[in-house]
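For reference, the structure is listed below as structure tokens.
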Amino acid sequence: MSKLLSVVVSVYNEEPGLREFYEETGKILKTLPKPWDYELLFINDGSADGSLAVLREFAATDPKVKIVNFSRNFGHEAAMIAGIDYAAGDGIVCMDADLQHPPECIPEILKKLEEGYQVINMVRTRNKTAGFLKNVTSSAFYRLINCLSDVKFEANASDFFAVGKEAAQVLRSSYREKVRFLRGYVQSIGFKRTTLEYEARPRFAGESKYSIRSLLKFSINTILCFSDLPLKLGIYSGVLVALFGLAVMIYTIYTWAKYGAPSGYATIVVLLSFMFAMLFIIVGIIGEYIAILFAELKDRPVYIVQDTENISGGKERD
Ligand code: UDP
Ligand code: MG
């Protein structure tokens, strides 16, 4: 019985490098050992350049190339989720279209899938491609999230990972949150899992779609989604401020008893601004959680598919 490997590739304005990606990945996929066959599932995430036309060209001559075309840009995470939804494989590999995730790793991943691993995380050994700032902030982020969340995150995990059939089914039926972090889910669903190392290559063509601002938003959302500790901050800081207030009260009574006049203006200003700052921060944090709840309540689709190519059955999914 033959087995199918689905390679899911999210594409957003990747026209300059797509041909190279297709050729290089195709070369590796054609040499997969028996009984493995493959499908190359491209998710076009609302590219504004000629990416879709290039993909259609591949699909016209190669039935193994499948396309899911979004109605607009929904983001990398949504594209990977759609890829997992539409993949028909016994194993699914998610990778970027910019050749930063070396396709040579696929046979190694396949071996792990055959050994029965359901989750295979690819870990960057060294990220020569990212700047110093990105490396430092990324490691600080992982330290923080590991401190705050019950789920332990692999620090150098990337969007390069593979899941088996059972893990994919879990991701299809659950974890459909609107504000999400797929990499975190993959690491928290359990199953038999392993990590493999790879060396990230520089981007083949085009430029990175993530700005520092979008990374920051992403990091904040991840912390909020995987930890409710910030919500409890109100209680902790309330206790802290109460203790502080008590100390100031004792001090005031003491100075009043000793000098006959309580120390005045400065204390009030310091206390007031300190407490208001605390209050606003906490209100802000609660606001962020409400925003997530609101997104969940509205229940808008994670992605909208405009059309597909070489995919039979036209799945009805959100
Ligand atoms: N991508 C996407 N939708 C987006 C942004 C990016 O599908 O809104 C894809 C992009 O085409 C690439 C992958 O996600 O295949 C990773 O993006 P990028 O290389 O820009 O991120 P980096 O490697 O710099 O983290
Ligand atoms: Mg990249």
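Only this structure's heavy atoms are used, side chains among them; waters, hydrogens and symmetry mates stay out. Just so it is clear, the model here is predicted, and its values are computed rather than measured. Numbers for residues simply follow the sequence, beginning at 1. Atoms within each ligand, like the ligands themselves, are counted from 1 in listed order.
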Would you mind telling me if ligand 1 is within reach of the side chain of His76, the backbone, both or neither, using heavy atoms under 4.0 Å?
->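 Answer for His76: both.
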
Pick whichever of Leu99, Asp96, Asn73 has a heavy atom sitting closest to atom 8 (O) of ligand 1.
->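 Selected option, by shortest heavy-atom distance: Asn73.
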
For atom 23 (O) of ligand 1, which of Glu77, Met95, Gln100 has the closest heavy atom?
->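 It is Gln100 that holds the nearest heavy atom.
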
For [atom], what's the nearest protein heavy-atom neighbour? Residue, atom name and distance, please.
atom                    : result
atom 25 (O) of ligand 1 : Tyr210 CD1, 3.7 Å
atom 4 (C) of ligand 1  : Asp45 OD2, 3.4 Å
atom 10 (C) of ligand 1 : Glu14 OE2, 3.1 Å
atom 1 (N) of ligand 1  : Tyr12 CB, 3.7 Å

Picking from Asp62, Val9, Val54, what satisfies side chain to side chain contact (heavy atoms under 4.5 Å, CB included) with Tyr22?
->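 When side chain to side chain contact (heavy atoms under 4.5 Å, CB included) is applied between Tyr22 and each of Asp62, Val9, Val54, only Asp62 qualifies.
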
Does the side chain of Leu5 come within less than 4.5 Å of Leu29's, by heavy atoms?
->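 Result yes, sub-4.5 Å side-chain heavy-atom pair found.
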
Would you say Ala79 has any N or O atom under 3.5 Å from an N or O of ligand 1, going by distance alone?
->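 No, since none of the N or O atoms of Ala79 sits under 3.5 Å from an N or O of ligand 1.
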
Connected via hydrophobic side-chain network under 4.5 Å: Val68 and Met80 =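 Yes, it is one cluster - the side chains of Val68 and Met80 are joined through contacts under 4.5 Å.
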
Validation row, ring centre Tyr198 to ring centre His101 under 6.0 Å |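 Yes, close enough.
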
Enclosure of Lys192 NZ (heavy-atom neighbours >12, cutoff 6.0 Å) =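 Yes, the 6.0 Å shell around NZ holds more than 12 heavy atoms from other groups.
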
Examine Lys258 relative to Tyr254 and say whether NZ or CZ is less than 6.0 Å from the centre of the six-membered ring and inside a 45° cone about the ring axis.
->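 No cation-pi geometry.
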
Measure from NZ or CZ of Lys66 to the centre of the six-membered ring of Phe42 and say whether it is under 6.0 Å with the direction within 45° of the ring axis.
->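 Lys66 over Phe42 ring: no.
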
Worked check of salt bridge (charged side-chain N to carboxylate O under 4.0 Å, His left out) between Lys217 and Glu288 = CA-CA 11 Å; Lys217 183 75 203 142; Glu288 288 285 331; 3.7 Å; yes

Protein N, O or S atoms at less than 2.8 Å from the Mg ion (ligand 2), how many?
->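 For the Mg ion (ligand 2), protein nitrogen, oxygen or sulfur atoms under 2.8 Å: 2.
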
